[in-house]
Structures are given as structure tokens and as C-alpha cells.
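Structure, as C-alpha cells:
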Amino acid sequence: MNQAHLDDLFAFIRFPSVSTLPDRKDDVLNCANWLKAKLAAVGLASEVHPTAGHPIVLARNKHVPGRRTVMIYGHYDVQPVDPLNEWTSLPFEPTVRDGVIYARGSTDNKGQILAHVLGVGDTIREKGDLPVNLIFLIEGEEEIGSKHLEAFLQANREALKCDLIAISDTGMIARQTPTFSYGLRGIAAMEVRAFGPSSDLHSGIYGGAVANPATAIARLVASLHDVNGHVAVEGFYDNVTPLQDWEREAWSRLPFTDDDLRAVTGAKELFGEKGYTSMERVWARPTAEVNGIWGGFQGVGSKTVLPREAFVKLTFRLVPDQTPAEILGKVRAHLLKHCPPGIQLEIKDGHGGEPYATDPHSEYGKAAQRALAKAFPGKELALIREGGSIPIVNTFKKVLGVETLLLGLALPDCRAHAPDENFPIENFEAGIRLNRALLEELA
Ligand code: BES
Ligand code: MN
């Protein structure tokens, strides 16, 4: 591995650019400024655009009429690191063990987006220019729903005009298996507060006569699914596009089994919606998930309290043609209908992103697959959808009118969003090769 490239990635990772934490605002900004300087150093004109949230970094080469214009999108923000004590080495001090870089952001998304930046730099250094007109758009709010990016796209439609978009922020089905993703799930977030009495109460003096908000939250959460793992919200599946036969057939032959899934997750037994395989459940079916749930006494030991409030953070993963607004509305109605007596609810809608699907056999899709084949010579290609979300992708289609190619480099055991997130150096190198191959194929 080129040591200078590795040093660049380590410098990028050392910024604790956690977008959701207000205390990290300056770290996020410093990271954006570093990225702008790196993009300039590889030979691009680069800028940092402030937004009402975190800044957007843009860069471009000199555009020549008649060439294709390609946008490469990525994000420099990362997820929080907690639980910190479950990390083997410090999250913002990149550490290499057995050829694998361990750090928050190593896979999601600093390693993957920097591979494109460095690939572009290598090509410019060797050939003097790129074969396409290029735009880098690298944002700092992907992990919190890309709140300010849509307005930026609207306001800069002309400057961002392109023929297509490429992203490396998705997964590879297995090591050394080039993977083209033709779909993403969407997402809709919601936070619910259940409250009743005006203060915490003695659970002996009042328990039994006053409804407990923590019990109410538990009942509401339990009401979201039936015993077969179907989501029990009325109308939830109304707009779900069924899986196609060719997908089911192709996915059944992928080199990732339920044994692999158990190994990678540590779950002894798998569970999910009846009638679907694990990959179908993750890639093509919508879900309801609890991301956090709390209320009452959390300290050591026992405290006999009837808490005055309790909370749950929910997200729903969506598939074509569900929309965040539709689902949040249906869930709200469901929660209000199932709210136990004596409890009031405060329901706050959170961020949302639409699902995405593109044709893997389009002209650009085929070019992307040729590029993957070049970057991983002799390896069989996998065509998949993804369970994760990149909220802006469907907005790109709506506002800029272009399709997005998803060429991911994250491995199933990359531990994105979790302790010991990691990225193999071999994937970083593959990403740099992939950038070159991709721009050549798209040109
Ligand atoms: N890179 C991921 C999305 C992803 C991961 C797609 C793996 C496919 C496979 C992205 O950074 C991410 O985590 N997005 C969030 C978005 C949300 C917070 C709005 C997600 O999916 O939870
Ligand atoms: Mn992520």
C-alpha cells in the first residue's frame, strides 16, 4: 500500500466528525476544511459551502464540453462511538491489525470516499486530466438524514448538472466479491414520549391506580409486530412492490448464507418475517425497529418508582413505493389507537429518506459492472439490493433527474455504526483502482 495514501486516510479519520453531537460541530467543520485542502492538493477546484447544519464540500476538475459529467457523492460525517469501552483500540486513532484498519468512519464512509479522491489524484498526476467532467459532493449530514442537502441541490441545480452519480457507501456481499447494488431501503424516524402523572410517584403508594408510562411504551412497541414478524400497522404494506422472481432466484445463489449471517451478527438464531429468506427480509421488505427505549430508574440497584414518562426511538425501513410521510402517518394513527388508558402520547416525526431502485441492466449500470470487474479481476460479480439507506439518493433522481450507481466496498463484518468498525487495506486499494476503472468505463 502507498504509505502516503494510508497517511491521508488516517489524517481524515482522526477528525471526530460526529454529525449528531452538537459538541462536535467544530470537529465536523475542521474535517470539511481538511477535505477541501486534500481535494485541492489532488488538482481539483474545491470549496466548502456552509449550510444551516454542517457544511458541504464540493470539488470539480475543469469541465470540457462534450465529455460526460459524473458526480461522486459521499459523506465525511460519522456515527457516535459509544459504547466506547467495547472498542479494542480508540475509535479516532486508526490502528492496523492483520491488514485491517480499525476506526470509526474507516468504512462508513471515509475510507470509501477517500479512495475515490486519491484515485482521481493518481489519474491526474499520471495523465494530466480525467476522462470525464467530475464533481465531488461530500456532505457532513448523511448520518442524520441529509437535512440541508435537498435545498442545496435545488439552489445549485445548474452547477450540479451531471449525467449520473456514483457512490461507494454500500456493501460487498463477501470478501473479494465485486458487488453492484441496484436498490436501497428508505427510512422514516420517529420519537415517542408516553406520559401520565405530573411527577415520578412512589410505586407502592400509587402503583395499581395510575397507569405506568413505561408499561405503555412496552405495549405500544409490542403492538408493532405480530408473532410472525409482520409489521402490524394498518396499511403498512399497501405500497410495497413485490420481489421479482429473478431477484429471489439470483439472491439464493449468492455467497452469503444464514450461517455467515449468524457468524457475523453473533445471533444464535435468526428471526424475521415469515415467508422470506434473510436477504429478502433485509433488502426487499420493510421493517419497524426500536433504536432506543428508556424510562424510569437506570442506576445500580432498585428504586420503587412509577416514572412519569417513558420514551422510544423508532425507525422504519422502507421499500419501493413506500414514502416516509405515508408511513409516519400510518404509524402515528396506530400508536394513538393502541395507546393504553391513562397515558398521553407526544409523537415527533424525525428524518426521512425515500427508498431507491435502479435498473442494473441500464447502459450505466453495465458500465459500472465492467468497472467492478476490472477492479477485481477474475472474481464473480454479485447483484444485490441493500438494507441500509442513503437518504439523498432518491432526491438526486427527483431534483437532478439522474440515476445513481452504488459500488460499495464495505464487508459484512465491517461493523459500521458499532464498536471496532473496520476497513481492510485491500478494500481501500481496490477502491482506488475502482475509481480509475469507473471513470474510464463511464467516459
Ligand atoms: N453507508 C450507510 C448506508 C448503507 C450501509 C447502505 C450498508 C447499504 C449497506 C450510510 O452511511 C448509513 O448508515 N445511513 C443511515 C442513514 C440514516 C441515519 C438516515 C442508515 O442507513 O441508517
Ligand atoms: Mn452510516
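Every number for a ligand or one of its atoms is a count from 1 in the order of the listing. One is the number of the first residue; the rest follow in order along the sequence. Computed from a prediction, not measured in an experiment: that's the story for all the values here.
E363 pairs by the salt bridge (charged side-chain N to carboxylate O under 4.0 Å, His left out) definition with R68, not counting sequence neighbours. Under the rule for a salt bridge (charged side-chain N to carboxylate O under 4.0 Å, His left out), the partners of R24 that lie at least two apart in sequence or sit in another chain are D27. Remark: E150 pairs with no residue by the salt bridge (charged side-chain N to carboxylate O under 4.0 Å, His left out) rule, at least two apart or across chains.
Relative to atom 20 (C) of ligand 1, the option among H351, E142, E141, R317 with the closest non-hydrogen atom is R317.
Checked against a 3.5 angstrom limit, the closest N/O atoms of H75 and ligand 1 fall inside it. At least one N/O-N/O distance between S389 and ligand 1 falls below 3.5 Å. Where the criterion is an N or O separation shorter than 3.5 Å, residue side chain and backbone included, D169 meets it with respect to ligand 1.
Closest to atom 18 (C) of ligand 1 among all protein heavy atoms lies E143 O, 3.4 Å. Of the protein's heavy atoms, E386 OE1, 3.1 Å lies nearest to atom 9 (C) of ligand 1.
Residue-ligand proximity: P391 is placed with a non-hydrogen atom under 4.0 Å from ligand 1. Under a 4.0 angstrom heavy-atom cut-off, K147 registers as lying outside contact with ligand 1.
Aromatic ring pairs are classed by plane angle as parallel below 30°, tilted from 30° to 60° and perpendicular above 60°; the pair W34 and F12 is parallel. Below 30°, between 30° and 60°, or above 60°: for Y237 and H230 the angle between ring planes is above 60°, a perpendicular geometry.
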Problem set entry | Pair K374-E440, side-chain contact (heavy atoms from CB on, under 4.5 Å): steps then yes or no | CA-CA 11 Å; K374 266 196 196 169; E440 282 168 3; 3.0 Å; yes

For this session: Start with the C-alpha gap between E143 and H417, add the side-chain angles, then the distance that decides, and say whether side chain to side chain donor-acceptor pair (under 3.5 Å) holds.
Result: CA-CA 10 Å; E143 298 289 7; H417 297 201; 3.3 Å; yes

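Neither the backbone nor the side chain of R185 has a heavy atom within less than 4.0 Å of ligand 1. If you look at D108 next to ligand 1, the close heavy atoms, those under 4.0 Å, all belong to the side chain.
Counting only protein N, O or S atoms, 4 lie closer than 2.8 Å to the Mn ion (ligand 2).
No side-chain donor-acceptor contact under 3.5 Å links Y182 and E403.
Y76 has its ring centre no less than 6.0 Å from the ring centre of F15. A centroid separation of 6.0 Å or more is found between the aromatic rings of H5 and F428.
Using a cutoff of 4.0 Å between basic side-chain nitrogens and carboxylate oxygens, R193 and E309 are scored as salt-bridged.
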